[in-house]
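Encoded as structure tokens, the structure appears first; notes follow it.
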Amino acid sequence: MPQSSALISGVQSLVVYETRARYFIVGSNQAQTKHRVLKIDRTEPKDLVIIDDKHVYSQQEVRELLGRLDLGNRTKIGQKGSSGLSRAVSAYGIVGFVRFLEGYYIVLITKRRKMADIGGHSIYKVEDTSMIYIPIDSVRVTHPDEARYVRIFQNVDLSSNFYFSYSYDLSHSLQYNLTMLLRPWELSSTVEPSVDEEHSSQSRQDSFDIFEDEGLPMQGHFPSPLVNGLKSEPYLKYVWNGKLLERVKDIVHHDWLMYIIHGFCGQSKLVIYGRPVHVTLIARRSSRFAGTRFLKRGANCEGDVANEVETEQIIHDASVMSFTAGSYSSYVQVRGSVPLYWSQDISTMMPKPPIRLDQADPYAYVAALHFDQMLQRFGSPIIILNLVKKREKRKHEKILSEELYPAVINLNQFLPPEHCIDYIAWDMARYTKSKLCNVLDRLSMIAENVVKRTGFYINRSDFYCHTLRPDERWGDVGGHITPTGRLQTGVLRTNCVDCLDRTNTAQFMVGKCALAYQLYALGMIDKPKLQFDTDCVRLFEELYEDHGDTLSLQYGGSQLVHRVKTYRKIAPWTQHSKDIMQTLSRYYSNAFSDADRQDAINLFLQVYQPSEQRPHLWELPTDFYLHHKSSMALAQERRSYTYWWSEGVLAFLPVAYDEVACKDNMRKVKVKRVNRYDEAIDIYTEFFKPYELTSFDDTFCIAMTNSAREFMPKTVGVDPSPFTVRKPEETGKSVLGNKSSKEEAVVQRKTAASAPPPPSEEAISSTSEDDSEEDREDDGSVSQRSTPIKLLTESGDSTRTHEVETHTLALQIVTPMKGWSGSIPLEQNLPFRSSPSFPPRDPVSLFQEDSVYATAPPKVDPDSREVFEGHVMTGQGQVRSLCREDVLMYREYIKNRYM
């Protein structure tokens, strides 16, 4: 079966040239070796005329084409002073085309910034855009309200949290993107011949072969391995410029189409003894029923809810970059408003307007539509975590719980018992006010049960480390196990009223629990449990707080009011004044600016399309009719109240229908057979850019947040493990030995400056999220690993045995060796015996309590030695003769680069 790989867009940089009657957009790939040309007519006042010849040009051909265009558009033939072709703007992609009351505009991305890297696939943030009016002035028909629509459209700040990628589908999860590569695409009917191969074979007849004198066969006569290049259709629910590209998507080549998402993207590097692990957080905001806090509540008639965001955390062992050879894990969870017809009236200018149910829904019709979407995308089980208040003096949030729970009960009676929707109701606000209860302990118990039910995605089967360090909790993890790893089946859906503060803390605790299982699955830790106040959790908490602040600004108009530290009850006293300011900012935004932001979102998403035959956007009393299509026309087909799921969904549960290799899903992916050396799939060249000079210090991997640089205390002798608990009382005394009091004071100040503030007496139990006394004993040590120094001290045998049983990383170092004369733990006390396959090791040091041994150098096979010697000889200027495969590879490079 041919290997599959994601196709890299052939248009990554644009140059817009203009003449008196045309716009010519020249798009090229990153290496500037392949080019495409788009022609836009400027003489049409209100229509968009675009011509794409679908031809791939070389660099020389593009220069000749632009030269002919320049010569043909000069005012006088042969005149050198006046140019007929002028360069208008350079860009990195096309957001789309939009029209209000006059002609069309083109929106271009003129500035970008790299935000993350997933397996060599770069994710960029839009930093700046440009909006160009297409028709020329001589044919422009002016309208007095055009400028106002342009201002409203530009109120959507595209430089704020919009993301795109040229090679990675951001609208889908990592699980979808990687499982898509494993499907049997040779049986698919969507395989199309490579246009580039047809073009190259046609042009080969008119050119000479620079290798024909070397005795090598032509590429057309030499069987070169093919690779399936895949390009999937985006999940339009999370695409924000889908309507802006709808006018041209059937006209132009798919390389011109670049889909953007809105939400959050952040990446940090977790350094585990020098081993880099990338932690990525991606949030996708739904473009359906999108809007601001009080203006978009509940759900619309199609089952789309307000403030719906899909959050995905990706853990990647960055020491290996490839999707096929690397180790990747992801976990997805969702937040969204309660799927009912409800709203809040903001005309009363109250901080908390009363909640009202707008429409009776006795058969849970709108909830059925919503959960049908979730079953298709995530599979089962769907777990609802409802955090709204249960007990109130005056009914407010409780109204939503009283409607949601009967709706879930009604829908579950028609589902098979094993796929029913789980409903968890927990009054988080009331729990927080109690001094006897700990919020995060309760959330950790919920998170443990949720992760065990849904499982998580990993693209590798069980590692050998799971046998060396078994954990009873690993066997209870759910999901769908496959020969290549395991899949997450089902999802947690968290909601409160706003889906901001409480929801973000709950999602953080679930993500923290999933992170522990992900790191354990990748062989990074010895048990699936992480503690607070470690570098790893602090890094993860900072990511989630940035994620929560960004989503809160988009929907509520201010940053988070209550954070994780607030619920841990360790927030500094200055945090209270900040919370008050954020509350006032949120109230001001909701009262005075949300209406304008809502109009801008409706116009950008083309929910409202201006026309001279309909009222203007600012004249509409409400946008209810824009988002509820059933209010404008009667539905032709009514869905069943009992069989409320889509056809075919139940047949594949618990696996999501969208990830099954059925005919409907296979048609959504374009497959293109390409050579394995083709630039369209060469992610190595795309990432490392060997054709240009780059500075190592300027690379993204160096600049990203680093746990060792930003979170680890800058103290000599501090345990470098990111899983070590950093407490204010932890100093370098026990490690540094005999130090003066002055030096110890400096060490204490440095450690305290880098550690979080001390917890209060009420919140001491929240620093540990263990559910049993046994786990508390295991987690009582300062570090989650042991060192040989602690194992070989003169303490009692019981202490040494406890350290060995808890942490087995140092077992191979302290096992008895030949000639060893020191005191060692008895071998029968060790849980694992030394392997007889280890080479003999002799102690080098004369000290008894040392662990330095002499060992024989490892054996290297002849092939590896030959490769290394070849590298050394090349560096000395002695180049060996190339083999056939090397010459073919060089020939491909020369042909793609220069021919």
Side-chain angles (χ1 to χ4, degrees), residues 333 335 352 383-398 400-402 404-405 422-453 473 492-516 529-534 537-538 540-541 544-545 548 560-573 575-576 579 583 725 727 756-780:
Q333 48 186 326
R335 69 172 69 183
K352 289 186 177 181
I383 304 174
I384 302 172
L385 178 57
N386 186 14
L387 302 175
V388 303
K389 297 178 182 178
K390 289 183 179 179
R391 296 183 182 179
E392 298 172 302
K393 294 180 180 178
R394 183 180 177 183
K395 267 193 181 183
H396 183 65
E397 298 182 9
K398 187 179 179 182
L400 301 177
S401 294
E402 291 177 346
L404 179 60
Y405 181 65
D422 287 353
Y423 181 84
I424 304 173
W426 183 53
D427 190 344
M428 184 173 173
R430 181 170 176 269
Y431 222 78
T432 306
K433 296 176 183 177
S434 174
K435 293 184 178 181
L436 301 176
C437 305
N438 190 284
V439 176
L440 299 189
D441 281 349
R442 173 64 175 163
L443 278 176
S444 66
M445 294 173 60
I446 296 174
E448 188 81 21
N449 293 329
V450 166
V451 174
K452 284 183 178 179
R453 289 215 58 194
R473 287 168 286 198
L492 173 68
R493 185 194 190 279
T494 311
N495 73 268
C496 50
V497 176
D498 298 324
C499 301
L500 297 178
D501 301 338
R502 286 172 282 180
T503 298
N504 197 72
T505 302
Q507 285 196 334
F508 164 75
M509 290 302 298
V510 176
K512 173 176 169 290
C513 178
L515 175 66
K529 180 71 74 174
L530 293 175
Q531 299 184 69
F532 277 104
D533 301 323
T534 59
V537 175
R538 287 167 63 197
F540 190 67
E541 182 181 339
Y544 249 96
E545 289 210 346
L560 290 173
V561 176
H562 302 297
R563 302 173 180 274
V564 177
K565 287 184 175 62
T566 307
Y567 292 102
R568 289 184 67 192
K569 300 177 182 177
I570 63 170
W573 64 271
Q575 186 65 38
H576 297 294
D579 292 347
T583 303
V725 178
K727 294 290 184 66
S760 61
E761 293 182 1
E762 299 173 358
I764 287 178
S765 60
S766 67
T767 59
S768 175
E769 52 175 350
D770 304 328
D771 302 331
S772 64
E773 291 297 325
E774 295 177 359
D775 290 336
R776 283 194 175 88
E777 291 177 3
D778 291 345
D779 295 334

**Request:** With rounding to the nearest 0.5 Å, note down the distance linking NE2 in His562 to CG in Leu560.
**Result:** 10.0 Å

**Message:** Among residues at least two apart in sequence or on other chains, which ones pass side chain to side chain contact (heavy atoms under 4.5 Å, CB included) with Ala516?
**Reply:** Leu530

**Prompt:** So among Gln507, Glu448, Met509, which one has a side-chain contact (heavy atoms from CB on, under 4.5 Å) with Leu443?
**Reply:** Met509

**Prompt:** Residues in ring-ring contact (aromatic ring centres under 6.0 Å, His included) with Tyr423, at least two apart?
**Reply:** Tyr405

**Prompt:** For the atom pair CG (Leu387) and NZ (Lys390), what is the distance rounded to the nearest 0.5 Å?
**Reply:** 10.5 Å

**Request:** Find the distance between CZ (Arg502) and CH2 (Trp426) and round it off to the nearest 0.5 Å.
**Result:** 10.5 Å

**Item:** Gln333 side-chain N/O to Val510 backbone N/O, donor-acceptor pair under 3.5 Å
**Value:** no

**Asked** Taking NZ, NE, NH1 and NH2 as the nitrogens, is one of them in Arg563 or Glu541 under 4.0 Å from a carboxylate oxygen of the other?
**Response** no

**Item:** salt bridge (Lys or Arg N to Asp or Glu O under 4.0 Å) partners for Lys352, two or more places apart
**Value:** none

**Message:** I'd like to know whether Met428 forms a side chain to side chain contact (heavy atoms under 4.5 Å, CB included) with Arg442, so could you lay out the CA-CA distance, the side-chain angles of the two residues, the decisive distance to 0.1 Å, and finally the verdict.
**Reply:** CA-CA 9 Å; Met428 184 173 173; Arg442 173 64 175 163; over 6 Å; no

**Prompt:** What are the two closest heavy atoms between Glu392 and Lys389, and how far apart are they?
**Reply:** OE2-CD, 3.7 Å

**Minimum heavy-atom distance between Phe540 and Gly511, given as atom pair plus value** = CE2-C, 3.5 Å

**Item:** Qualifying residue for side-chain contact (heavy atoms from CB on, under 4.5 Å) with Asn386, from Leu400, Leu404, Ile424
**Value:** Leu404

**Pairwise distance OG(Ser444) to CG(Asn438) - rounded to 0.5 angstrom** = 8.0 Å

**Fill in**
Cys496 and Val388 have their tightest heavy-atom pair at C-CG1, 3.7 Å

**Asked** If you round to the nearest 0.5 Å, how far is OG1 of Thr494 from CZ of Arg335?
**Response** 8.0 Å

**Message:** What's the separation between atom CE in Met445 and atom CG in Leu440, rounded to the nearest 0.5 Å?
**Reply:** 13.0 Å

**Prompt:** Is a side-chain donor or acceptor of Glu397 paired with a backbone partner of Val497 at a separation under 3.5 angstrom?
**Reply:** no

**Request:** Indicate yes or no: at least one non-hydrogen side-chain atom of Leu515 is less than 4.5 angstrom from one of Phe508.
**Result:** no

